[in-house]
Amino acid sequence: MEVEETWAGGLADAAKSLWSVDLADPRFQPLLEPPSDPKFGDAASGVAFRLAKDLRKPPRAIAEELAKAVAGLPYLERAEVAGAGYVNFRATRAFHGETILRVRAEREKFGRSPAGGGRRVLVEHCSANPTGPLHIAHGRQAAVGDALANLLDFAGYRVDREFYVNDTGGQIENLGRAILWRYLESIGTTFARETRGQDAWLVGHGFEFLEKNLYRGDYVSELAAEMKQRYGDGLAAKPDAVAICGRIGKERLLEEIRKTLEDFRVRYDTWYSQEELEKSGRVEKVVEFYRSRGLAYEKDGAQFFKSKEFGDPEDRVLVKSDGSYTYRTPDIAYHRDKFERGFETVIDLWGPDHHAHVATMEAGLRMLDIPIGTTRAFRALLVQHCRLLRGGAEVKMSKRAASYVTLRELIDEVGVDAARYFFIMRKTTSHLDFDIEVAKRQTLDNPVYYAQYAHARICGICEQGRAKGMIDPAEVRNGMWDGPFDAAHLSDGDIELVRACRGLRRAVEAGARDLDPAIVTDFVYRLSGAFQRYYQKFENTVLTPEEPLRRARLAACGAVRQTLRNALAILGVSAPERL
RNA sequence: GCCCCCGUAGCUCAACUGGAUAGAGCACCGGAUUUCUAAUCCGGUGGUUGCAGGUUCAAGUCCUGCCGGGGGUACCA
């Protein structure tokens, strides 16, 4: 049991015996909260404010009575009234000593929470079409998605990570056409540009291409070159030339996407193929289901479904008048399958352009009798745009001119750690300014190095201690001293560090609740800062000659080191022993 | 038109779901190194939280209406 629960129980007992009030009533919650400032101790209660009306007494007087009544609770050094009616709880030194022991015992599990109760969650993220290399927007989705999955795992959920491969449909066909177009160029075809209505077409060698649908970029030409090597001049004569180009193109590009994500330390449990989904008949079944329930109808030769009745602003097309599906039909079937595979919470990370799709998907799932919002949840997170800057100036990205920065290029330039940290640094739902120059800078305004430096410093202390003979190598485990210490020698500074470490669990729970790993980057930054200040306070001499103090300090530092490692691990950022 | 998101220091952002004096970093000014990594730390300047109402003991946070920015509103994905 966490100490806060014990103390909250003490408050409830006090209220019952003093005034016969049941604090379990939601009106009085929360009984304890983290203090806004470390100087207020380890937990604060604002419950006196909430009791004031019922008891018809000023909050301050209620707080006085409560503070008196809770004296003597376990691990409680003292409870004191502050402000207009807060009761601040301060833990004993022994408690903080035990926290250090707990960090040592739990090691890479310290900070985990049982909040998720082992419930199964699927996080689908990135899911870029295999029609080009990953770019910056995908990078943010992958970094956030991967960290969110780590975070939920840390918060006690059973998490699977999935990439949905859009390996069939119109975009793959467009890719095939683009490759064929470049291929034809490479074997000497010249195209005539014809304007028909609003659109421009490229005509030559018996083919015609709608110009606005052609992918550009060097990778298309590279794939065309591969086709030429493979088929010589004979490809154009094949009746399924577009399909061949599309198939080979998507295979190559998907391979590249996998490789880039792997290098970005993003792993998936499953790569789910849309093509296989369609072959399985699940898409037809969804359409049949809607029809059988009278939820679908025909209009203008297309099949609509009545999503409007289920919260969507409009009814939407499921089957186009040419008989093919819109993108949402297989997508709904896919999400139905997610729930059928046993996931209770299904989380999708989408780009902001999918905004309108959220209501449609929710409606579609409700229409399938999936109890969204009760025992099951569908959460679409719209990962907001990321503006790329270079020394304060915006890097303009134009897909047309193929001048956009790819994720690969970004990783090569700033490194995986900085890229991941920066992508996660801001709230997922907020726009993000990513300054390449700042991310590369190895100075104090780069929070990645700030945190890694704090970790490396602690490792340095341990190493120095051994070199100076102040640390017994036999007491070093997993790269950190963890010998015996006396909690009575923990200074206020040490305690502040230990207190900060305990915040990881709270950050994990808040992050899991809000589905936002940015809360963890915040935590990392605060804990690093707490350590840097602590370090400076001892004038760079944590290794004091006074052995009992030295042991206490090393113990506190060891807790910070482990906690930082755990938090950075959630973010997928490395914790090097030296920089 | 309608639907979402966002307006907090000059800039980029916090504020732990309504609580204590709205905090950090950058920038600017001034300090601290015989070090265990100065890739650090300390101090200072800087605010009518877009505007106006409302609810509350208590509002940056919740409600309403304006103003401003972004996104969406396909038989594209």
Side-chain angles (χ1 to χ4, degrees), chain A residues 30 33-37 39-40 44 46 49-50 52-53 58-59 82-86 88 127-129 131 166 169-172 174 212-213 274 299-304 312-314 316-328 330-331 351-359 382 384-385 389 392 425-427 429-433 435 438 441-450 452-454 456-465 467-468 470 503 506-507 509-511 513-514 518-519 522-523 525-526 529 531-543 557 578-579:
Chain A
E33 19 187 342
S36 55
D37 191 304
K39 74 181 179 220
F40 295 135
F49 296 108
R50 270 154 255 152
K53 198 169 222 172
Y86 280 95
N88 290 334
S127 298
N129 288 350
T131 52
N166 253 281
Q171 294 308 317
I172 297 300
N174 286 340
K212 67 176 181 189
N213 282 349
Q274 179 180 353
K299 195 178 104 183
D300 307 329
Q303 289 281 329
F304 282 70
D312 198 354
E314 297 291 340
R316 310 285 179 181
V317 175
L318 289 181
V319 186
K320 298 182 235 174
S321 51
D322 68 1
S324 64
Y325 296 121
T326 62
Y327 72 99
R328 38 179 99 84
D331 217 20
D353 53 326
H354 281 63
H355 178 84
H357 192 36
V358 179
L382 301 180
Q384 280 302 324
H385 276 135
L389 309 173
M425 196 164 50
R426 301 294 175 225
K427 242 187 318 214
T429 53
S430 296
H431 292 252
L432 167 70
D433 280 350
D435 196 318
V438 175
R441 213 176 288 161
Q442 306 203 339
T443 59
L444 64 157
D445 51 346
N446 186 338
V448 187
Y449 287 100
Y450 187 73
Q452 290 184 328
Y453 183 42
R457 259 188 163 165
I458 298 172
C459 298
I461 291 170
C462 188
E463 220 176 273
Q464 255 323 293
K468 287 182 178 171
M470 295 174 107
R506 207 160 52 233
E509 287 172 357
R513 182 194 62 212
D514 294 354
I519 291 169
D522 234 61
F523 172 80
Y525 187 74
R526 273 206 292 269
F531 175 76
Q532 302 280 25
R533 283 188 293 278
Y534 166 92
Y535 180 88
Q536 210 73 39
K537 205 173 73 182
F538 291 124
E539 293 174 342
N540 311 329
T541 318
V542 173
L543 293 167
C557 290
R578 63 176 58 128
L579 293 179

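To find a chain, count down the sequence lines: A is the first, B the second, and so on, and within it residues start at 1.
For Lys53(A), the NZ atom sits in a loose shell: 12 or fewer heavy atoms of surrounding residues, nucleotides or ligands are nearer than 6.0 Å.
Between Ala302(A) and Arg578(A), it is Arg578(A) whose nearest contact on RNA chain B lies nearer the 5' terminus. Heavy-atom nearest nucleotides on RNA chain B were determined for Met425(A) and for Phe304(A), and the one closer to the 5' end corresponds to Met425(A).
What separates CZ of Phe49(A) from P of A58(B) is a distance of 12 Å, to the nearest Å. Taking atom CD of residue Gln303(A) and atom P of nucleotide A74(B), one finds them 20 Å apart after rounding to whole Å. Here G7(B) presents its P atom at 7 Å from NZ of Lys427(A), a figure rounded to the nearest Å. Distance, Gln536(A) CD to A39(B) P: 11 Å, rounded to whole Å. Arg533(A) places its CZ atom 12 Å from the C1' atom of G25(B), with the value rounded to the nearest Å. Rounding to whole angstrom units, CD of residue Gln532(A) and P of A39(B) are separated by 11 Å. The nearest whole Å value for the distance from the CG atom in Asp433(A) to the C1' atom in C6(B) is 14 Å. The nearest whole Å value for the distance from the CG atom in Asn166(A) to the P atom in C76(B) is 15 Å.
At C76(B), one or more side-chain N or O atoms of Lys320(A) fall inside 4.0 Å of OP1 or OP2 (strictly under the cut-off). For the OP1/OP2 pair of G23(B) and a distance below 4.0 Å, the side-chain nitrogens and oxygens of Tyr525(A) include no atom meeting the criterion. Residue Lys537(A) places none of its side-chain N or O atoms closer than 4.0 Å to OP1 or OP2 of A32(B). Look at Lys53(A) and you'll find a side-chain N or O under 4.0 angstrom from OP1 or OP2 of C57(B).
Ranking A74(B), C13(B), U21(B) by closeness to the Lys39(A) side chain, first place goes to U21(B). In the set A77(B), G71(B), C16(B), A77(B) carries the atom at the smallest distance from any side-chain atom of His354(A). For Arg316(A), the side-chain atoms get nearest to A74(B) when compared with the rest of A74(B), C3(B), C75(B). Checking A77(B), U12(B), U40(B) against every side-chain atom of Arg426(A), the shortest atom distance belongs to U12(B). The nucleotide whose nearest atom lies closest to any side-chain atom of Asp353(A) is, among G71(B), A20(B), A77(B), A77(B). Minimum atom distance to the side chain of Ser321(A) is reached by C75(B), of the listed C16(B), A14(B), C75(B).
No salt bridge links Arg328(A) with Glu314(A); every basic N to acidic carboxylate O contact stays at or beyond 4.0 Å.
Across all strands shown, G1(B) forms a Watson-Crick or G-U wobble pair, both distances under 3.5 Å, with U73(B). Here C11(B) sits opposite G25(B) as a Watson-Crick or G-U wobble pair (both hydrogen-bonding atom distances under 3.5 Å). Under the Watson-Crick and G-U wobble criteria, each requiring two contacts below 3.5 Å, nucleotide U40(B) is paired to A32(B).
Comparing G72(B) with A52(B), their P atoms are spaced 32 Å from each other, to the whole Å. Distance check on atom C1': A20(B) versus A15(B) gives 13 Å, rounded to whole Å. Rounded to the nearest Å, the gap between the C1' atom of A24(B) and that of U49(B) is 16 Å. Comparing the same atom, C1', in U45(B) and in G25(B) gives a spacing of 16 Å after rounding to whole Å. Rounded to a whole angstrom, the distance from the C1' atom of A39(B) to that of U21(B) is 33 Å. Of the C1' atoms belonging to A27(B) and U34(B), the separation is 33 Å, rounded to the nearest Å. Remark: the separation of the C1' atoms in G46(B) and C28(B) is 10 Å, to the nearest Å. With P as the reference atom, U61(B) and G54(B) are 14 Å apart, rounded to whole Å.
At a threshold of 4.0 angstrom between heavy atoms, the contacts of Asn174(A) with the nucleic acid are absent. Across all strands, Ala356(A) comes closer than 4.0 Å only to sugar-phosphate atoms, never to a base (heavy-atom distances). Counting non-hydrogen atoms under 4.0 angstrom, Ser36(A) reaches a base of the nucleic acid. Among the protein residues, His431(A) comes within range of the sugar-phosphate backbone only, with heavy atoms under 4.0 Å from sugar or phosphate atoms but none that close to a base. As judged by a 4.0 angstrom heavy-atom cut-off over every strand, Asn88(A) is placed among the base-contacting residues. Across all strands, Ala467(A) comes closer than 4.0 Å to no nucleic acid atom at all (heavy-atom distances). Using a 4.0 Å heavy-atom criterion, one finds that Pro313(A) contacts no nucleic acid atom at all. As judged by a 4.0 angstrom heavy-atom cut-off over every strand, Gly460(A) is placed among residues touching the sugar-phosphate backbone only. As judged by a 4.0 angstrom heavy-atom cut-off over every strand, Asp300(A) is placed among the base-contacting residues. Residue-level contact check: Pro35(A) touches the bases, meaning some heavy atom is under 4.0 Å from a base atom.
Inter-residue side-chain proximity for Arg506(A) and Pro34(A) is flagged as met; some heavy-atom pair is nearer than 4.5 Å. Taking 4.5 Å as the limit, every side-chain heavy atom of Val319(A) sits out of range of all side-chain heavy atoms of Phe304(A).
Nearest heavy atom pair, residue Ala518(A) against residue Met425(A), reads CB-O, 3.9 Å.
In terms of modelled atom types and a separation under 3.5 Å, the side chain of Asp300(A) and the main chain of Ala302(A) share no donor-acceptor contact. Under the 3.5 Å distance criterion, the side-chain polar atoms of Arg526(A) are left unmatched by any main-chain donor or acceptor of Gly503(A).
Looking at Ser430(A), its side chain has no donor and acceptor atom pair within 3.5 Å of the base of C6(B). Judged by atom type and distance alone, Tyr449(A) does not reach the base of A39(B) through any side-chain donor-acceptor pair under 3.5 Å.
A donor and an acceptor atom, one from each side chain of Thr131(A) and Asn129(A), are nowhere located under 3.5 Å apart.
Using cut-offs of 30° and 60° on the angle between ring planes, the pair Phe531(A) and Tyr535(A) is tilted.
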